[in-house]
Amino acid sequence: MAPRTTRPQSSARGHHQSASPVGTPTRGTTNPNRLRRMDRWIAATHGPALRRSPEPPLAVDLGYGAAPWTAVELLARLRTAEPRTRLYGIEIEPARVEAAKPYEHEGLSFVHGGFEVPVPGRVTLIRAANVLRQYDEEQVAAVWQRLCGRLAPGGLLVEGTCDEIGRRHVWVALDGSGPRTVTFATRLGSLERPSDLAERLPKALIHRNVPGEPVHAFLRDFDRAWAAAAPYASLGARQRWIRSVRDLAADWPLTDGPRRWRQGEVTVRWEALAPRG
Ligand SMILES: C[S@@+](CC[C@H](N)C(=O)[O-])C[C@H]1O[C@@H](n2cnc3c(N)ncnc32)[C@H](O)[C@@H]1O
């Protein structure tokens, strides 16, 4: 059963020590390079916001897990976009913070905490990967709101899910005014059909992949476009994906273009996939 947050109603506090972090420890499964697709997308799409920050921009890897790899890697990839970037890894399980401490270096720190995000000031980026999947669907909106409340102006929250080795990803990107986009990202060689990604939908959408819900219609249309693009398979899975996404763009509000599609990605406006009711 999904864990309950310990203090779901209390407000965000911007300080270093968190006596009672908001949330509940869950399984710490992680893997090196697991979140590379998400990291690269963030660096590409959010790089300009990082560079605009008057102060060195602050990023958070929330719930980095049993080992600090994803935090170390996220900072390295963000620094390719903006070298001044600093990053806090935040974990609700104290032993995981202790295990990460030896990996601290200039601009990288690990702290004990939860959804209150106990770091000084407001942050330009919060990434929470494979964290909310272990909570209940009805907790998601409040957690999103709390996390978005910790963002600096122009800041971004990226919350999503992937498989163990990062071949299939789906994430939601939110700013201070709420959810903006949903991104599907995959290693194209591993894909039989786009709806393979359904099993990695973030918590807000995974229970909505049923007839009558927009995300179900989207994946159905994507599979149809993929089937129609079968002749392109002889040119490779990448060409087939790009052709399918072009077809999809006739009916769905996509926010990206061929440069991202080539990476095995597609991004859709949140409003088009938001759950009904
Ligand atoms: C499955 S691991 C994901 C690790 C890494 N983000 C990844 O994707 O590979 C989820 C981690 O989130 C942590 N976690 C759960 N709720 C949290 C919260 N409210 N605040 C901080 N960490 C949390 C758990 O303790 C666990 O270590």
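Whatever order the structure lists them in is the order used to number ligands and atoms, beginning at 1.
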**Item:** Presence of salt bridge, E104 and K101, under 4.0 angstrom
**Value:** yes
**Prompt:** According to the salt bridge (charged side-chain N to carboxylate O under 4.0 Å, His left out) rule, which pairs have a member within residues 52-66, sequence neighbours left out?
**Reply:** D61-R127
**Request:** Kindly assign one of parallel, tilted or perpendicular to the pair F222 and W241, based on the angle between their ring planes and the thresholds 30° and 60°.
**Result:**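 Tilted.
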**Request:** Please determine if R34 forms a cation-pi arrangement with W69, meaning its NZ or CZ atom is less than 6.0 Å from the six-membered ring centre and no more than 45° off the ring axis.
**Result:**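 Checked: cation-pi criterion not met.
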**Request:** Please say whether more than 12 non-hydrogen atoms of neighbouring residues, nucleotides or ligands are located less than 6.0 Å from CZ in R84.
**Result:**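 More than 12 within 6.0 Å, yes.
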**Message:** I'd like to know whether CZ of R36 has more than 12 heavy-atom contacts from other residues, nucleotides or ligands below 6.0 angstrom.
**Reply:**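 Yes, CZ of R36 has more than 12 neighbouring heavy atoms, counting only those of other groups under 6.0 Å.
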**Asked** Who's touching ligand 1 if we go heavy atoms under 4.0 Å?
**Response**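 Near ligand 1, by chain and number: V22, G23, T24, P25, T26, R27, G28, T29, T30, R34, L35, L62, G63, Y64, G65, T70, E91, I92, R96, G113, G114, F115, A129, N130, V131, Q134, Y135.
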